[in-house]
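What you are looking at is a predicted structure, and each value in this text was computed from that prediction instead of being measured. For reference, positions follow the sequence shown, starting with 1.
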Amino acid sequence: MNIQTKTGKPAKRKQSPERPTRAEAEEAVRTLLLWAGEDPAREGLLDTPKRVVKSYEEFFKGYAEDPGAILSRTFEETDGYDEMILLRDIRLESHCEHHMVPITGKAHVAYLPGRRVVGISKLARVVDAYAKRFQIQEKLTAQIANTIQEVLQPRGVAVVIEANHQCISTRGVHKPGVSMVTSHMLGEFRENPSTRREFLAMIQGRNYTEL
C-alpha cells in the first residue's frame, strides 16, 4: 500500500544509507588517525583500522538482532506464579550517539507475568540487543520496557538503568564518578505505588517489609 501525502501523490520512502564495505570502513579509521595528528603507516598503527572495524562489529551487533524475536519463546507451566520477576544488575555496555564514546552501567528489569514467562537469559539478551547500538540512555530504557510489554503482554514492566557516560567524564565538563539513572514503568508498576515501591526496594537489596 502506498502512503500518500496531502497532495495525493505517493510519499517517497526514505532510503537507508548504503552500508560501506569493510575496506571503506578501515580507510575511514585511517582518516581519523591522520586528523588526530598520527601516522597510520607507523608500525604500532598498521593494524589499528582492522582492529577498530572488528571491535565495531562487537560493539554494535545489536543492529543485527531482533529484540522481539528474542522473547518469542515463552513458558506457560508456572503453577500459577504471578509475583514479580526481577533480573537485577545486568551488565550494560553501550555507546553515546552524540559523541561515540562508551556508556557503562547496569540495568534492572522486572515484570509481572500474565499467563507466560520467559527464560531469564532472554531479558539480558534484550538489554544487549538495544544497548549494542548508538544510544541515549532515555531511549534505551524505554525500548527495553516497551518491547517486553508488547511481546509478553504482562501486567506490568519496570526498567531502571544506572550508567556512567564518558561524554561527561572524559570530555566537556569532565565530571568523573557521575552516574545517570533512568526508569520506565508500565502497567501496575506505573499505576500501583505499592508495586513500584516493592520493585525499587528489591533493586536496592532490601526487603519490601523494611519500607
- Do you reckon Phe134 sits in the same ILVMFWY cluster as Val52, going by side-chain contacts under 4.5 Å, direct or chained? yes

- Do Ser94 and Tyr130 get their side chains close enough for a donor-acceptor pair, meaning under 3.5 Å? no

- Note on the structure: In this structure, CD1 of Ile85 is separated from OG1 of Thr78 (nearest 0.5 Å) by 8.0 Å

- Linked, directly or transitively: Val159 and Ile136 (ILVMFWY side chains, under 4.5 Å): no

- Message: If you compare all heavy atoms of Ala163 against all heavy atoms of Gln137, which two are closest, and at what distance to 0.1 Å?
- Response: CB-OE1, 3.4 Å

- Validation row: Leu112, Phe189 side chains within 4.5 angstrom (heavy atoms): yes

- Check Gln135 against Gln143 and note the closest heavy-atom contact, atom names and distance. NE2-OE1, 2.8 Å

- Task: Kindly say whether Thr21 contributes a backbone atom to a donor-acceptor pair with the side chain of Glu24 at under 3.5 angstrom?
- Result: yes

- Looking only at atom types and distance, does a side-chain atom of Ser169 sit under 3.5 Å from a main-chain N or O of Pro176, one as donor and one as acceptor? no

- Identify whether Val29 and Phe60 are in the same connected component of the hydrophobic contact network (ILVMFWY, side-chain heavy atoms under 4.5 Å). yes

Would you tabulate the side-chain donor-acceptor contacts of residues 113-121 under 3.5 Å, counting partners in other chains and residues two or more places apart, or write 'none'?
from	atom 1	to	atom 2	distance (Å)
Arg116	NH2	Val151	O	2.6
Arg116	NH2	Leu152	O	3.2

- Task: Calculate, to the nearest 0.5 Å, the distance between atoms CZ and CE belonging to Arg197 and Met202 respectively.
- Result: 15.0 Å

- Message: Would the distance check show the side chain of Arg155 and the main-chain N or O of Gly187 forming a donor-acceptor pair, the cut-off being under 3.5 Å?
- Response: no

Less than 3.5 Å apart, which donor and acceptor atoms pair up between the side chains of residues 96-110 and the rest of the protein, not counting sequence neighbours?
from	atom 1	to	atom 2	distance (Å)
His99	NE2	Arg171	NH1	3.4
His108	ND1	Asp89	N	3.1
His108	NE2	Glu162	OE2	2.7

- Message: Going by side-chain contact (heavy atoms from CB on, under 4.5 Å), name the residues that satisfy it together with Asn146, two or more places apart in sequence or in a different chain.
- Response: Ala142, His184, Leu186

- Task: Using the side chain to side chain donor-acceptor pair (under 3.5 Å) rule, collect all pairs that involve residues 51-72, keeping only residues at least two apart or in two chains.
- Result: Arg22-Glu57

- Pairwise side-chain contact, Phe199 with Glu188, heavy-atom cut-off 4.5 Å (strictly under): no

- Query: Is Glu191 close to Arg196 at the side-chain level, that is, under 4.5 Å between some pair of heavy atoms?
  - Reply: no

- Item | Contact check, side chains of Thr74 and Leu71, non-hydrogen atoms, under 4.5 Å | no

- Note on the structure: For Glu93, the side-chain contact (heavy atoms from CB on, under 4.5 Å) test, sequence neighbours excluded, returns Arg91, Lys132

- Minimal heavy-atom distance between Ile70 and Ala129, with the atoms involved, is CD1-CB, 4.0 Å

- Note on the structure: Between the SG atom in Cys167 and the NZ atom in Lys175, the distance rounded to the nearest 0.5 Å is 14.5 Å

- Item | Interatomic spacing from OG1 in Thr195 to CG in Leu200 - rounded to 0.5 Å | 11.0 Å

- Give a yes or no answer on whether the side chain of Arg190 reaches the backbone of Met185 with a donor-acceptor pair at less than 3.5 Å. yes

- Are Tyr81 and Met84 connected, step by step, through hydrophobic side chains (Ile, Leu, Val, Met, Phe, Trp, Tyr) whose heavy atoms are closer than 4.5 Å? no

- Message: Applying side chain to side chain donor-acceptor pair (under 3.5 Å) to Glu138 and Thr182, what does each step give before you reach the verdict?
- Response: CA-CA 6 Å; Glu138 298 90 335; Thr182 50; over 6 Å; no

- Message: For Ile144, run the side-chain contact (heavy atoms from CB on, under 4.5 Å) check against Val157, Val127, Ile90 and tell me which one passes.
- Response: Val127

Please tabulate, for the side chains in residues 34-43, all donor-acceptor contacts under 3.5 angstrom to protein atoms that are two or more places apart in sequence or on a different chain.
from	atom 1	to	atom 2	distance (Å)
Glu38	OE1	Arg42	NE	2.9
Glu38	OE2	Arg42	NE	3.4
Glu38	OE2	Arg42	NH2	2.9
Asp39	OD1	Ala41	N	2.9

